[in-house]
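First up is the structure itself, then whatever we jot down about it.
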Amino acid sequence: MTCVGKENSFLIYNGSNFLKQRLLLSTLSGKPIEIREIRPLNDTNPGLQEYETNLLQLLDKLTNGSRTRVDRNGCSFVYQPGLLHGGIVHHDCSTERGIGYYLDVLVALGPFCKMPLQVTLTGVTNSKESPSVDHIKASALPALKRFLVVDEGLELKILKRGMMPGGGGEIMFRCPVRKTLKAVQCTKQTMVKRIRGTAYCCKVSPAMANRAVEHAKGVMLNFLPDVYINTDQHKGKRSGNSPGYGINLVAETTDGTTFSAEAVCKTIEEQGNPSIPEELGREAGMRLLDEVFRGGCVDSTFQWLVVLFMALAQKDVSKMLIGPLSQYTVHFLQHLREFFGITFKLENANGDGDEAADRDDDELSGSNKVMATCVGVGYSNFSKRVN
């Protein structure tokens with residue numbers, strides 16, 4: 001449920017759903033928000049969780065003048081965003097979520113900061129709960145590059161890997177500052193030309209990664225001859241605090257679009273039979289095939305990021321062919337309308353980018369590709385001071 005307060009123009013929301021979306025868009029738009037009934041007291045684990053509080057702390061480091069007021073029981077809070085500053089930031093992420101939970105916020109905010117971002121994050125680099133650092137590097141950064149006039153200074157390095165539950169990983173992210181983002185038109189899906197990937201292991205036998213690679217290749221070589229998956233074996237301090245392994249696969253098309261998929265082993269705390277590298281490799285391969293089948297000009301995990309950059313781009317028409325809308329993206333479109341007053345034209349489209357009749361949200365989130373069109377708001381990184 002959403003409403004706008006009459007006295008102080010706060011956007012008021014109930015519940016913990018899409019909390020990260022609301023904080024991100026509040027920071028960009030400068031509109032303060034109030035979140036109520038975050039996991040009520042009768043819930044088994046009421047109020048803000050550690051990883052959500054940790055995200056608020058990261059936003060405080062990125063901005064000047066932001067204020068957060070949390071009530072006594074932690075079930076509601078008020079967030080008044082400040083000016084995006086950026087610069088050099090060091091942050092210890094909660095191990096309840098992967099670093100990707102925080103990193104995709106930095107990717108979205110980075111171009112609009114006052115100072116170029118240079119952020120060092122520590123925590124869990126690869127987990128099932130959040131997009132992995134490898135996934136963001138393979139899919140989110142290429143999506144951002146489409147909107148940057150020059151991508152010099154955009155970099156993501158994995159310094160240490162850390163698996164659930166102990167973490168211990170470390171990454172460094174750099175992002176240049178841009179006054180505005182350019183409008184982008186990508187209306188045709190091109191063919192996949194090659195498959196790349198990384199199989200990683202921490203504090204386990206290197207044979208685990210090699211076995212996963214072999215079976216992932218067995219899936220992909222049925223469709224394409226150009227398949228290369230390297231292994232990333234970490235030892236000692238660079239291997240984090242917990243044992244584990246996984247594999248990330250990336251499909252690259254002829255126009256630079258990337259689709260990514262990942263499979264991560266079970267943690268030592270999870271019940272049931274342990275993960276088998278052969279099954280993990282096949283699972284990653286099938287997930288990547290599903291991503292390619294969904295199609296479009298962006299990975300399904302980062303549809304929301306492309307939609308955000310389209311909305312904030314120069315005052316010109318942006319047009320993007322994307323796969324079936326995820327529920328996360330559908331809600332992100334609704335939040336964009338509430339924070340920025342911008343709406344998208346969504347049309348059913350076939351794989352060649354030809355447009356067809358308009359459909360409602362339920363049909364658009366089904367099996368059809370979607371042509372998303374909007375006129376950007378001409379957002380500038382000179383953020384307005386909050387009243």
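Ion pair Asp299/Arg294 not flagged as a salt bridge, since none of the NZ, NE, NH1 or NH2 atoms sits closer than 4.0 Å to an Asp/Glu carboxylate oxygen. Classification of Arg97 and Glu129 as a salt-bridged pair fails, no side-chain N sitting under 4.0 Å from a carboxylate O.
Here Pro142 pairs with Thr258 under the side-chain contact (heavy atoms from CB on, under 4.5 Å) rule; sequence neighbours left out.
A donor-acceptor contact under 3.5 angstrom links the side chains of Lys203 and Ser239, judged on distance only. The closest side-chain donor-acceptor pair between Tyr79 and Thr27 falls under 3.5 angstrom. A side-chain N or O of Asn126 and one of Arg161 form a donor-acceptor pair less than 3.5 Å apart. With 3.5 Å as the limit, one finds no donor-acceptor pair spanning the side chains of Thr198 and Asn248. In the model, Tyr13 has no side-chain atom that pairs as donor or acceptor with a side-chain atom of Gln21 under 3.5 Å. In this model, no donor atom of one side chain and acceptor atom of the other lie less than 3.5 Å apart for Glu262 and His135. For Asn54 and Ser94, the side-chain atoms include no donor-acceptor pair closer than 3.5 Å.
For Ser275 (side chain) and Cys265 (main-chain N/O), no donor-acceptor pair under 3.5 Å exists by modelled atom type.
The side-chain contact (heavy atoms from CB on, under 4.5 Å) test with Leu121 is passed by exactly one of Leu106, Leu159, Asp92, Val89: Leu106.
The local environment of NZ in Lys193 is crowded, with over 12 non-hydrogen atoms from other residues, nucleotides or ligands closer than 6.0 Å. Atom NZ of Lys61 is surrounded by more than 12 heavy atoms from other residues, nucleotides or ligands within 6.0 Å.
Pairs passing the ring-ring contact (aromatic ring centres under 6.0 Å, His included) check and including a residue from residues 147-188, sequence neighbours excluded, read Phe147-Phe309. For the side chain to side chain donor-acceptor pair (under 3.5 Å) condition, the pairs that include at least one residue of residues 166-177, sequence neighbours left out, are Glu155-Arg174.
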**Message:** Under the criterion side-chain hydrogen bond (donor to acceptor under 3.5 Å, both in side chains), I'd like the reasoning laid out for Glu291 against Ser300: C-alpha separation, chi angles, the key distance, then a yes or no.
**Reply:** CA-CA 7 Å; Glu291 280 292 332; Ser300 64; 2.5 Å; yes

